[in-house]
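Below is one structure, written out as structure tokens; comments come after it.
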Amino acid sequence: MNEEQKIYQLLGIATRARKIITGEDLTVREIQSGKASLVIVTNDASDNTMKKITDKCKFFNVELHVFGSRDDLGQAIGKESRVVLAIMDNGFAKKISQLLNEYNRG
């Protein structure tokens, strides 16, 4: 199993554990409240969404990764296509961050 598959699998587990928030507005709210540990935006997000999420993450010092497509992300978490999601658990965030860093290096 490659890094990409591991990331999607872990996102699915985190979703079942109810540790993921999806959607632009909810994600921004969680970033501002300090509860978001890690944010993922898809490669095919609109420029507006990308700028908004990037700015919020920088301002509130939340780790941000650009990864996957909206359809793949949605499928991984068992929902329709999703562009933005926040991971609300430090343990999941740490492991997913490690995998994303390995994936981006490779």
Side-chain angles (χ1 to χ4, degrees):
M1 187 184 301
N2 64 21
E3 259 82 28
E4 189 175 12
Q5 291 168 319
K6 286 179 188 173
I7 294 165
Y8 286 130
Q9 188 177 36
L10 205 51
L11 287 172
I13 293 168
T15 302
R16 289 190 291 283
R18 299 181 173 272
K19 300 296 182 189
I20 285 187
I21 298 289
T22 63
E24 190 176 329
D25 294 337
L26 288 173
T27 300
V28 167
R29 192 176 331 147
E30 297 302 335
I31 292 169
Q32 290 170 330
S33 74
K35 292 180 186 165
S37 301
L38 172 74
V39 175
I40 297 175
V41 182
T42 60
N43 295 316
D44 52 3
S46 70
D47 292 342
N48 250 1
T49 300
M50 189 66 83
K51 179 175 176 9
K52 183 178 186 180
I53 298 297
T54 302
D55 291 349
K56 289 288 180 206
C57 285
K58 278 185 182 158
F59 186 81
F60 289 95
N61 200 24
V62 175
E63 188 175 351
L64 171 69
H65 286 274
V66 178
F67 173 74
S69 71
R70 63 182 68 206
D71 293 330
D72 290 341
L73 209 58
Q75 187 179 3
I77 61 171
K79 298 191 183 334
E80 290 176 23
S81 60
R82 292 289 190 263
V83 177
V84 179
L85 61 79
I87 293 146
M88 312 302 288
D89 178 79
N90 286 331
F92 280 117
K94 195 173 177 182
K95 185 61 182 167
I96 291 169
S97 175
Q98 282 177 331
L99 289 170
L100 283 163
N101 288 329
E102 287 174 29
Y103 174 77
N104 289 332
R105 267 188 247 123

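Scanning for side-chain hydrogen bond (donor to acceptor under 3.5 Å, both in side chains) contacts around Asn90 gives Ser37, with sequence neighbours left out. Gln75 meets the side-chain hydrogen bond (donor to acceptor under 3.5 Å, both in side chains) test with no other residue; sequence neighbours excluded.
Once rounded to the nearest 0.5 Å, the distance linking CG of Leu85 with CD1 of Ile96 reads 8.0 Å. Here the CD-CG distance, from Glu3 to Asn104, works out to 10.0 Å after rounding to the nearest 0.5 Å. Note that the CG atom of Leu100 and the NE2 atom of His65 stand 5.0 Å from one another [nearest 0.5 Å]. Distance check, rounded to the nearest 0.5 Å: CG of Leu11 to CD of Gln9 gives 10.5 Å. Here the CD1 atom belonging to Ile77 is positioned 14.0 Å from the CD1 atom belonging to Ile13, to the nearest 0.5 angstrom.
Nearest heavy-atom pair, Phe92 versus Ala17, reported as atom, atom and distance to 0.1 Å: CE1-CB, 4.0 Å. Considering all non-hydrogen atoms of both residues, Ser97 and Leu38 come closest at N-CD2, 4.1 Å. Taking both residues in full, the closest heavy atoms of Thr27 and Thr22 are given as OG1-C, 4.1 Å, listed atom of the first, atom of the second, then distance. Nearest heavy atom pair, residue Tyr8 against residue Ala76, reads CD2-CB, 3.5 Å.
Using cut-offs of 30° and 60° for the angle between ring planes, the Phe67 and Tyr103 rings count as perpendicular.
Side-chain contacts under 4.5 Å among hydrophobic residues (ILVMFWY), followed directly or transitively, place Val66 together with Val28, Ile31, Val39, Val41, Met50, Ile53, Phe59, Phe60, Val62, Leu64, Val83, Val84. When hydrophobic residues (I, L, V, M, F, W, Y) are linked wherever their side-chain heavy atoms come within less than 4.5 Å, the members clustered with Ile21 are Leu26, Met88.
Annotation: salt bridge (Lys or Arg N to Asp or Glu O under 4.0 Å) contacts involving residues 55-70, sequence neighbours excluded, comprise Asp44-Arg70, Lys51-Asp55. For residues 79-106, there are no salt bridge (Lys or Arg N to Asp or Glu O under 4.0 Å) pairs, not counting sequence neighbours.
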* To do: Carefully, step by step, assess Ile87 and Ile40 under the rule side chain to side chain contact (heavy atoms under 4.5 Å, CB included).
  => CA-CA 8 Å; Ile87 293 146; Ile40 297 175; 4.1 Å; yes
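Atom CG of Asn2 is surrounded by more than 12 heavy atoms from other residues, nucleotides or ligands within 6.0 Å.
Contact of the Asp71 side chain with the Ser81 side chain is registered, since non-hydrogen atoms from C-beta on lie closer than 4.5 Å.
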